[in-house]
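Working notes for the structure below.
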Amino acid sequence: MTFSDLPLDLSEQIQFSLRRLYDSHGYRRYRMNKFEEYDLYARNKDFLISDHVLTFTDSDGKLMALKPDVTLSIVKNSPDAPGVRKLYYNENVYRVTKDASGFREILQLGLECLGQVDECCVCEVVYLAAKSLDAIAPDWILDLSHVGLIRELAQGLGFPKEKEDALFALISARNRHELLALCREAGLSDASAFLLTDTALTRGEPARVIEKLEKTLGAMDALTELKELTQALDAWGVGENLRIDFSVAEDIHYYNGLVFKGFVRDLPKPVLTGGQYDKLMKKMNRASRAIGFAVYTDQLERLEQALPEFDVDTVLVYDPSTPLAQLRAAADSIGGAVLLQPSVPQGIRCRRILKLRSGEVSDL
Amino acid sequence: MKTMLNVALPKGRLGEKVYAMFEKAGYECPSIYENSRKLIFENEERFVRYFWVKPSDVAIYVERGVADIGVAGKDILLEYRPEVYELLDLDIGKCRMAVAAKNGFRDDPRKKLRVATKFSRIAGDYYRRMGRDIDIIHLNGSIEIAPILGLSDVIVDIVETGTTLKENDLSVMETIVPISARLIANKSGYKFKGGQIDALVERLALQTEERK
């Protein structure tokens with residue numbers, strides 16, 4: 001079954017396709033209340049995209065917030081337990097975005113996997129991210145990165161931890177000239193500065209990049225992890241559009257380990273972003289691990305979609321004296337989408353205009 | 001598959017210098033010299049389309065993907081922080097972001113420093129790093145006049161040769177950051193046209209190296 005024959009716009013069709021995709025892999029839809037106690041966000045500001053939260057005082061005097069994020073609530077309601085919780089959500093959140101002045105309501109569609117997350121879970125989540133992109137547009141790229149790899153390399157070369165934010169910011173801007181300058185300023189030798197910069201800016205097909213990095217860096221856990229993951233994804237049939245690109249790992253306070261971002265041709269911003277967020281689990285006193293991703297549904301609106309030629313098939317202009325009983329029957333007899341109007345409306349694009357007079361339908 | 005590369009160039013002297021670099025790199029578009037009123041020019045043989053936009057808007061065109069690449073001053077990138085890749089320092093349009101004041105000005109650390117600027121974010125970040133409490137007065141132009149009329153104690157602005165400052169009895173107190181023109185790229189566009197963009201960057205980088 002496809003959703004293309006239903007009266008849905010492209011963005012809605014994609015959202016239903018994604019929900020069906022997640023359902024078919026055993027992920028259960030997680031429905032939640034719009035409100036959450038503000039305290040949750042105050043304690044975990046580091047894990048929010050924006051510090052701004054819409055608050056109000058509930059009838060019992062408690063300070064509440066309209067959810068700016070879904071993941072925090074899911075983690076809060078996921079106690080450590082054997083096995084893995086596999087969930088997805090399709091919820092509105094309220095936050096201040098860079099592009100808009102003031103708060104906006106954003107429909108967020110995402111998927112989370114929490115608990116005893118192993119290689120299989122990680123592979124499945126990235127696989128579903130790839131399949132999601134495939135459902136969004138035919139021409140897509142899923143960039144994979146590993147925060148641990150860059151961090152381990154930087155620390156091994158003696159790059160100071162307190163400058164890590166600046167390092168990752170420059171990597172995310174693929175700013176080679178300032179990266180080299182930062183490495184030198186941090187006391188790295190020329191050879192180390194070039195090794196760190198060149199590694200951080202390497203990008204391309206996973207097998208090629210990993211082979212190259214194995215030669216220059218030798219054995220590293222993160223590299224082995226990336227290698228096994230990308231080989232598995234290849235076997236799962238989604239390897240072709242995967243790329244390694246360390247510039248996608250910018251949010252290092254939220255994500256550890258694997259980070260990924262999805263892009264589709266002609267959309268200027270990523271449509272999907274995700275990764276492992278064990279740090280948040282730890283902060284919320286969970287021993288278990290987590291990985292997930294979110295799809296930016298607001299970006300989907302920007303996908304190329306032809307405007308329908310007509311707003312309605314037929315406008316049926318009725319005589320005011322027509323008995324109501326006759327009106328329904330006449331409209332139903334026409335077929336297609338029929339708009340009833342007492343006079344010819346302005347600004348409606350329709351295939352034809354018919355009139356109903358004395359129970360008879362005829363051309364206007 | 002090669003597709004058209006959309007390039008946003010800053011209108012004015014800097015943009016002309018930048019275009020000359022692109023032309024030398026093999027991305028010429030002769031029609032650009034034909035009509036000064038037209039804003040969009042393309043050369044299908046070279047798979048390139050140029051458009052002239054206001055210098056401070058280049059980053060917007062690139063961030064929103066209308067342009068795959070563009071050239072913007074580091075001042076604009078620091079002030080507006082667009083989500084773009086900064087692929088190359090073109091080493092032209094060189095100047096610096098500096099703090100300037102009236103000759104003979106002495107900072108009184110007991111008072112909040114009044115700073116007039118077009119670059120509120122750069123100024124704010126700079127003084128935050130120094131731990132100095134300031135009052136930012138955002139102006140849109142003629143910044144030099146602010147300390148002369150007593151509107152501010154200092155200004156934070158772009159200084160190229162320093163002639164304007166000198167003529168107004170002002171001088172540079174500190175340099176905040178050196179500025180030059182940078183080649184920027186849309187992050188998503190780079191995923192799909194990375195090969196084409198990298199080839200261009202390589203050729204432009206050769207020119208900047210030669211100049212050094």
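Computed over heavy atoms, backbone and side chain alike; hydrogens, waters and symmetry mates excluded. Order of the sequence lines sets the chain letters (A, B, ...), proteins ahead of strands, with each chain counted from 1.
- Between the side chain of A:Arg95 and the main chain of A:Pro68, a donor-acceptor pair closer than 3.5 Å is present.
- For the residue pair A:Tyr277 and A:Thr71, no side-chain donor N or O sits within less than 3.5 Å of a side-chain acceptor on the partner.
- Residue B:Asp91: no heavy atom, backbone or side chain, is found under 4.5 Å from chain A.
- For A:Val271, no part lies near chain B; criterion is any non-hydrogen pair under 4.5 Å.
- Interface with chain A: from residues 111-132 of chain B, no residue qualifies, criterion being any non-hydrogen pair under 4.5 Å.
- By the 4.0 Å N-to-carboxylate-O rule, B:Glu86 lies too far from A:Arg174 to be salt-bridged with it.
- For B:Arg182, the part lying near chain A is the side chain, with the backbone staying farther off; criterion is any non-hydrogen pair under 4.5 Å.
- A:Thr202 and A:Thr199 share no side-chain donor-acceptor pair at under 3.5 Å.
- Side chain of B:Lys94 to backbone of B:Glu160: no donor-acceptor contact under 3.5 angstrom is found.
- A:Asp139 touches chain B through backbone and side chain together, each having a heavy atom under 4.5 Å away.
- Between chain B and the options A:Arg265, A:Arg176, A:Lys261, A:Arg243, heavy-atom pairs under 4.5 Å are most frequent for A:Arg265.
- By number of non-hydrogen pairs under 4.5 angstrom with chain B, the leading residue of A:Val248, A:Asp266, A:Leu201, A:Asp245 is A:Asp245.
- The pair A:Arg208-A:Glu211 does not meet the salt-bridge criterion, since no charged nitrogen lies less than 4.0 angstrom from a carboxylate oxygen.
- B:Phe51 and B:Tyr61 have tilted rings, their planes meeting at an angle from 30° to 60° on a 0 to 90° scale.
- Contact annotation: the side chain of A:Leu133 never approaches that of A:Asn241 to less than 4.5 Å [non-hydrogen atoms, C-beta and beyond].
- With a 4.5 Å cut-off on non-hydrogen atoms, B:Leu88 touches chain A through its backbone but not through its side chain.
- A donor-acceptor pair shorter than 3.5 Å can be found between the side chains of A:Gln15 and A:Ser11.
- Heavy atoms only, all atoms of each residue included: A:Ile150 and A:Ala200 are closest at CD1-CA, 3.8 Å.
- Proximity to chain A is limited to the side chain of B:Asn186, based on heavy atoms less than 4.5 angstrom apart.
- B:Ser142 contributes no side-chain N or O that, together with a main-chain N or O of B:Ile145, makes up a donor-acceptor pair within less than 3.5 Å.
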field: Pair B:Tyr85-B:Tyr190, ring-ring contact (aromatic ring centres under 6.0 Å, His included): steps then yes or no
entry: CA-CA 8 Å; B:Tyr85 286 140; B:Tyr190 188 71; 5.3 Å; yes
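- Looking at A:His177 and A:Asn175, their side chains do bring a donor and an acceptor atom within 3.5 Å of each other.
- Within residues 4-26 of chain B, no residue has any heavy atom less than 4.5 Å from a heavy atom of chain A.
- Contacts between A:Leu267 and chain B at a heavy-atom distance below 4.5 Å involve the backbone alone (N, CA, C, O).
- Taking the charged nitrogens against the carboxylate oxygens, B:Lys187 and B:Glu63 have no contact shorter than 4.0 Å, which rules out a salt bridge.
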